[in-house]
Structure formats: structure tokens, C-alpha cells
Amino acid sequence: MHPGADSMCSRLQIPQWCAEFCLSAQYQHGVVVCSQIQRRQAVDLALRVADEMDVNIGHEIGYSIPLETCCSNDTILRYCTDDVLLREMMSDPMLEHYGVVVIDQAHERTVSTDVLLGLLREVLLQRPELRVVVLSAPPASDTLLTHYGNVPRLHLDAPCAGEVIHSSSSSAESFYSALRLALEVHRSREPGDVAVFLASEQEVLCACNILTKEASRMSASLGELIAVPLCPGYSGMCPPITESPQTSRRVFVSCSQSEDLFWPVDTVTFVIDTGVEKRLVYSPRVRASSEVIRPISKCQAEIRKRLTGSTGKCFCLYPEDVQLPAEIPPRILESNITSTALYLKRMETAGIGHCDFISRPDPEGLMQALEELDYLAALDNDGNLSEMGIIMSELPLDPQMAKALLASCEFDCASEMLTIAAMLTAPSCFIEPPVGMATEVMRCHMKFQHPEGDHFTLINIYNTFKRSQKEPCERRSSSHECSGEERECVKRLCVSRVPQIARDVDGSGNYFMLLNKHVAQVHRLSGYGAKAHKLGLPEWVLFHEYNLSDNNCIRTVTQISPQAFLQMAPQYFFCNLPPSESKEILQHILDSDGTGNARTKPQAAAPETKTETAEAESHDRCVIQ
């Protein structure tokens with residue numbers, strides 16, 4: 001255990017010491033692996049350590065992140081993301097290849113980190129020669145010590161923080177207060193860069209636009225002001241954070257889980273901390289996430305204060321006597337754990353039948369996760385993984401998407417389903433438009449929109465991107481690549497997951513979701529949202545994502561007929577839908593006739609014929625599911 005303040009020493013030197021330890025034992029028990037919560041850090045740290053040790057990256061020092069591996073048989077120290085290490089345990093449950101496992105940033109309490117810590121405790125009982133080093137910042141280290149019991153504890157004294165200035169009162173306008181303070185620091189001409197911590201990534205991008213606009217109006221004698229977004233999910237272009245121009249000042253705009261990204265920066269003299277964060281909290285009852293704004297933890301506050309060193313200033317935009325939570329709340333209590341449940345079921349098959357969680361998942365969330373796996377036919381009658389579930393666990397996808405992708409082979413539309421899965425798994429291809437260009441960007445979006453829905457729009461975008469690598473930009477086309485039969489197959493495959501279907505109850509875009517009985521609107525970036533004023537909205541839609549915080553919007557929407565839904569949805573899923581007017585409409589369609597013509601009144605039929613038809617429908621739905 002190494003509970004101490006986050007510092008470059010713990011990130012760089014300790015893994016190297018562990019490599020020397022393995023070298024002294026002639027690698028009898030294996031090499032060293034160091035897990036990170038973000039792929040960018042895994043790559044940057046590997047490059048830095050390789051440079052310090054004067055070796056080639058990819059040989060003695062390497063890294064493994066999703067979709068990219070830079071290692072060889074000679075690698076003795078490997079940096080990787082914690083989810084990559086978890087997937088490696090599926091084929092090597094005892095981690096026989098490693099003699100030392102370093103878990104970095106354990107205080108962040110991500111889902112993957114908590115699962116990894118729980119499984120490693122079981123591995124240590126069977127491999128006493130294995131060494132596990134957990135790097136954490138206090139006070140989260142006390143919780144970890146309690147979990148692991150009587151283990152050695154090493155403490156690294158953190159550097160003293162500089163001058164800390166608290167606000168006299170909390171302000172709801174901390175966003176604008178932080179930006180005004182950053183501009184005042186620049187006008188003061190005091191040397192040093194500035195780090196600003198805001199609540200969310202959306203605020204980070206908005207703040208960068210505002211700072212860039214304000215900097216253009218300032219006097220040239222003050223020097224250049226460069227706004228640098230620094231957050232885990234940001235994929236845009238920004239100047240390298242290790243290069244500091246002599247005639248300019250950088251303002252690093254960041255948010256939660258980004259404190260560890262500042263390890264290569266030693267020029268920060270001012271820190272402006274709003275003291276709040278915006279986190280997505282998943283609700284099993286609603287089956288959706290909502291944004292919650294709440295104070296940061298003492299752990300995060302202390303890390304931010306020490307970024308300035310002993311000579312800088314930290315401006316905390318909250319009172320000194322405010323009560324901050326001691327630790328960062330565990331993500332496993334606030335996330336959809338369906339993928340985690342599938343992974344743990346797979347680990348039982350691999351030989352590890354127990355995961356000793358630091359914080360046990362919510363029972364309601366765990367029951368919902370097992371229910372979804374049952375809907376997807378990933379579990380057998382005994383609650384163990386079925387053959388389908390074992391194959392699904394091999395794919396690095398959400399279980400619902402993995403099931404739809406595997407089923408696409410039967411319908412001969414695997415290419416289209418694979419494209420949709422890739423586009424929905426990757427970061428959004430729709431970026432926030434620059435200031436003043438929203439209309440032009442929306443006009444460009446319209447060129448790719450497909451008349452049958454957003455799922456096919458994603459296929460158009462991907463196919464156009466592939467063609468653009470071979471053809472000039474002027475000849476790019478957004479022609480429809482899918483045939484009518486393929487489009488129908490893709491729609492049905494999307495329904496074969498846990499179906500997320502909604503109905504326009506009043507003809508004005510208020511969609512009632514049958515699964516949770518909430519009402520939402522179509523997102524503005526949807527093709528239906530853009531053309532609603534001209535063509536109207538479909539009555540029944542299938543959607544991929546619903547977020548309570550995004551103005552109660554459903555995203556990635558595609559039109560679907562109720563007959564297709566009834567044909568593809570599992571019968572027991574339809575029966576378990578909560579009662580509503582929309583469910584009664586579906587029930588009427590189901591009871592009308594075998595073809596599902598809702599507008600035709602049911603005709604009298606012999607009891608035997610009606611029974612045979614109902615049995616045939618039920619049998620067809622079970623076979624497809």
C-alpha cells in the first residue's frame with residue numbers, strides 16, 4: 001500500500017522500483033503491470049518511463065490500451081488501462097504472467113478499479129508470491145487498508161500547498177466567477193499558468209470558447225492567453241501541455257477525474273477551484289442516468305491545492321467551513337452494472353467464484369442487471385452463463401449491443417450492425433460547433449441524415465468517411481447503402497436487445513417510453529428533430545439512449561412499426577411492461593389478427609384456429625429471441 005498525495009514520484013518511480021524487484025528475482029514470478037484509469041495516462045507514463053530508463057518504447061517498457069498495444073516478449077514493465085487488465089484476467093485468471101501488479105489512482109474508485117481490487121484479493125490467496133501495490137491518496141487509503149487487512153503501509157509526505165484563499169460564501173454562478181478570476185490573474189501580469197476546475201466537460205468547452213473570445217480583446221502588452229481544455233473525454237486538438245511558450249500564459253480548463261492529468265506540468269502557479277462536480281448517476285428503476293451537481297471530496301480538494309507547489313495560490317470558490325465528503329463516491333454504486341455482472345459471471349466460469357467488493361453494488365441495480373442478462377439469453381435456467389453469454393462476454397461491448405451483433409449473422413446484415421455498434425461505442429461523431437457556426441454545421445449534418453432514422457445516419461457517416469479516403473471531398477455522397485430488407489433486419493436486431501421503444505402520445509413530439517413511463521423529446525441532433533417542422537414525427541420509435549439530464553431527450557432514434565416490435569420482442573418482456581395506454585394499443589394489435597393489422601377489427605374465428613395462430617406467434621418469437 002502506498003497512500004500518499006498524487007505526485008510524479010508515485011507515478012514514475014514506484015513502478016520502476018517494482019521492475020528492479022522482479023529483476024532481482026530473475027523474473028521467476030513474472031513481470032510488472034501498472035494499471036491506469038485513462039488510456040492517455042497509460043501512454044504518456046510509458047513514454048516518460050522509457051525516456052528516463054533510456055530504453056525503447058515497445059521493448060523493455062510498453063503499454064496496452066483499447067485497440068492499441070505497444071509491447072513485446074521483452075517487456076518488463078507494462079502500463080495499461082484497468083479494463084484491459086480485467087479482460088486479460090478472463091484468459092489468465094491468476095495473472096501468472098505478472099509478479100507485481102500496481103493499481104494506480106485507486107482513490108478514484110472507478111467500477112473497473114473496484115472489481116480489480118476485489119478479484120486480486122482472491123488471487124492473492126492462491127498466489128502468495130504475487131505482490132500487489134495500491135497507490136492511493138488519503139483518506140481513501142484508510143478504506144483500502146481496512147479492506148485488505150494487515151498489510152504494509154508506506155506513506156509519502158506530500159509537498160506543502162501554497163497560499164489557499166477561500167470565498168466568503170458559496171455562489172451559484174461559480175462558473176462565471178472562475179472565468180472572471182482567471183482573466184484578472186492574467187491582467188495582474190504575475191508569472192505562471194492557471195488551472196481552472198469546473199463542474200463538467202460541457203462547461204470546460206464553453207469556458208475555452210469564452211476565454212478565447214475575451215483574450216482576443218485584450219491588449220497585446222499583456223501577452224497571449226491560451227485556453228487549453230484538459231479533460232479525459234476531450235478528443236479535440238490542443239497544444240502539448242509540456243510545451244510552455246515564454247511570451248504567453250496558459251489557462252488549463254479541467255473538471256473532475258482530471259487532476260492526475262497535470263503530472264507533466266510544473267508551471268501552474270494559480271489554481272481556481274469551483275468546488276463542485278457534475279456526475280452521471282444511474283437509476284435502475286428509470287433505467288436512465290441523470291446529472292447530479294454536488295461538492296467534490298476532500299481528497300480531490302487536497303490534490304488540487306497542491307498543484308501550485310509551495311509558492312502558488314489556490315482560489316477556492318467556496319467557504320472554508322463547508323462540509324466536503326471525505327472520499328470520492330464509488331462509481332459502482334452509481335453506474336449501470338450489467339456489463340460488470342456479465343464479466344463476474346464469466347470469471348466464475350474461469351475459476352474465480354468470488355469478488356470481495358470494497359463497496360457492494362446496490363441490490364436493486366444488481367437484480368436489474370441479472371434481469372437484462374436473462375432477457376438477452378445470456379443466462380441458463382440455473383443462472384449460469386449460457387453459450388450465448390460466454391460469447392457475449394468475449395466482446396468488449398455493452399451486453400445488449402453484443403447480443404444484437406451476434407444475432408446479425410443470422411440475418412446476413414453483420415456489416416451494417418457492426419458499423420452501428422462501432423459508431424455507438426466510440427465517442428460521438430457530432431462535436432459541438434464553434435461559436436457562430438451552429439447553422440452551418442447543422443446544414444452539413446443534414447447531408448448525412450437518412451430518412452429512416454439515426455441508426456442508418458450513422459452508417460451513412462461511416463461509409464462516407466471510408467469513401468472520402470479514396471475520393472475527393474467534392475464527390476462525397478450520402479447515398480443510402482442499405483437495401484430495404486437489410487434496414488428491416490437492422491431494426492429488428494435493435495429490438496432483439498432489451499427493447500427501448502417510445503410512442504408519440506400527442507403528435508407534437510412528446511414520446512412516452514413504455515419501459516419506464518417517462519416522457520421525453522427527440523434530441524436536437526437527431527434527423528427527426530431537424531426535419532420535424534416539415535415532415536412531422538413518427539408515432540413509434542426505437543431509441544438507443546435516454547438521459548434525464550440532457551433536457552429529457554432520447555438519442556439515436558429510428559422509426560419502427562408496432563408490428564415489428566411485437567414480432568421481435570420477447571413475449572415475457574412485453575408481459576412485464578408496466579400498464580399504460582401504449583401497452584393497451586400493442587395488446588390490441590396482438591389480439592387483432594396474426595398479421596398485426598391494428599386498423600382491422602378482429603373477426604370471428606373458430607377457437608381451434610385462434611389457438612393455433614397464437615401458439616405459432618409465440619413459437620416464432622421464442623425462436624428469434
Side-chain angles (χ1 to χ4, degrees), residues 38 40 108 167 169-186 193-216 225-239 241 249-262 265 268 270-281 289-297 300-301 303-305 307 314-318 322 324-325 328-329 331 334 427-428 430-438 441 523-525 547-553 555:
Q38 297 165 12
R40 176 175 174 178
E108 292 287 353
S167 174
S169 61
S170 299
S171 173
E173 298 295 332
S174 58
F175 173 79
Y176 294 104
S177 299
L179 298 187
R180 283 193 294 266
L181 188 54
L183 295 174
E184 290 177 8
V185 168
H186 184 59
D193 293 332
V194 183
V196 180
F197 288 94
L198 301 175
S200 65
E201 183 177 340
Q202 291 79 9
E203 288 191 0
V204 168
L205 301 180
C206 180
C208 288
N209 288 333
I210 294 176
L211 289 174
T212 301
K213 187 176 181 180
E214 292 295 327
S216 63
L225 179 67
I226 303 175
V228 182
L230 197 61
C231 43
Y234 181 69
S235 58
M237 297 298 295
C238 64
I241 60 178
R249 184 196 305 274
R250 294 176 298 179
V251 178
F252 297 102
V253 190
S254 189
C255 57
S256 292
Q257 276 198 343
S258 302
E259 294 87 359
D260 298 321
L261 295 177
F262 283 88
V265 183
V268 174
F270 304 93
V271 170
I272 303 172
D273 184 9
T274 58
V276 294
E277 63 176 354
K278 186 180 293 185
R279 296 183 65 165
L280 286 176
V281 178
S289 298
S290 58
E291 284 185 351
V292 177
I293 299 178
R294 59 190 178 193
I296 61 173
S297 66
Q300 294 169 286
I303 293 176
R304 295 177 182 183
K305 291 176 183 177
L307 289 178
C314 178
F315 300 94
C316 300
L317 304 184
Y318 52 89
V322 69
L324 299 178
I328 301 175
R331 291 280 184 177
E334 304 173 342
S428 175
F430 297 106
I431 61 175
E432 287 294 327
V435 178
M437 297 186 63
V441 169
H523 194 271
R524 57 184 176 82
L525 291 180
N547 199 326
L548 285 169
S549 56
D550 199 2
N551 296 324
N552 272 16
C553 288
R555 307 191 67 162

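Numbering of residues begins at 1 and proceeds along the displayed sequence.
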Quick one: pull up [atom1] in [X] and [atom2] in [Y] and give me the separation to the nearest 0.5 Å.
{"X": "Glu259", "Y": "Leu307", "atom1": "CD", "atom2": "CG", "answer": "7.5 Å"}
{"X": "Leu179", "Y": "Cys206", "atom1": "CG", "atom2": "SG", "answer": "8.0 Å"}
{"X": "Ile226", "Y": "Arg249", "atom1": "CD1", "atom2": "CZ", "answer": "11.5 Å"}
{"X": "Ser289", "Y": "Arg279", "atom1": "OG", "atom2": "CZ", "answer": "12.0 Å"}
{"X": "Ile210", "Y": "Arg180", "atom1": "CD1", "atom2": "CZ", "answer": "10.5 Å"}

Quick one: closest heavy-atom pair of [X] and [Y], and the distance?
{"X": "Cys255", "Y": "Glu201", "result": "SG-N, 4.1 Å"}
{"X": "Glu277", "Y": "Pro295", "result": "OE2-O, 4.2 Å"}
{"X": "Phe175", "Y": "Glu203", "result": "CE1-O, 3.4 Å"}
{"X": "Val253", "Y": "Ala207", "result": "CG1-CB, 4.0 Å"}
{"X": "Ala301", "Y": "Tyr318", "result": "CB-OH, 3.8 Å"}
{"X": "Glu108", "Y": "Ile328", "result": "OE1-CD1, 3.6 Å"}

Taking side chain as C-beta onward, heavy atoms only, is Val271 less than 4.5 Å from Phe315? no
Using side-chain heavy atoms (C-beta onward) and a distance below 4.5 Å, is Cys314 in contact with Arg304?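 Contact flag for Cys314/Arg304 side chains = no.
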side-chain contact (heavy atoms from CB on, under 4.5 Å) between Ile272 and Phe197, worked out: CA-CA 6 Å; Ile272 303 172; Phe197 288 94; over 6 Å; no
Could you walk me through whether Asp273 and Ile296 pass the side-chain contact (heavy atoms from CB on, under 4.5 Å) check? CA-CA 10 Å; Asp273 184 9; Ile296 61 173; 3.4 Å; yes
Kindly indicate, with the supporting measurements, whether the criterion side-chain contact (heavy atoms from CB on, under 4.5 Å) is fulfilled by Leu225 and Leu183. CA-CA 9 Å; Leu225 179 67; Leu183 295 174; 3.8 Å; yes
side-chain contact (heavy atoms from CB on, under 4.5 Å) between Cys316 and Lys305, intermediate numbers included: CA-CA 9 Å; Cys316 300; Lys305 291 176 183 177; 4.0 Å; yes
Any donor-acceptor pair under 3.5 Å from [X] side chain to [Y] backbone:
{"X": "Asp193", "Y": "Arg250", "value": "yes"}
{"X": "Glu214", "Y": "Leu211", "value": "no"}
{"X": "Ser258", "Y": "Ser254", "value": "no"}
{"X": "Thr274", "Y": "Ser174", "value": "no"}

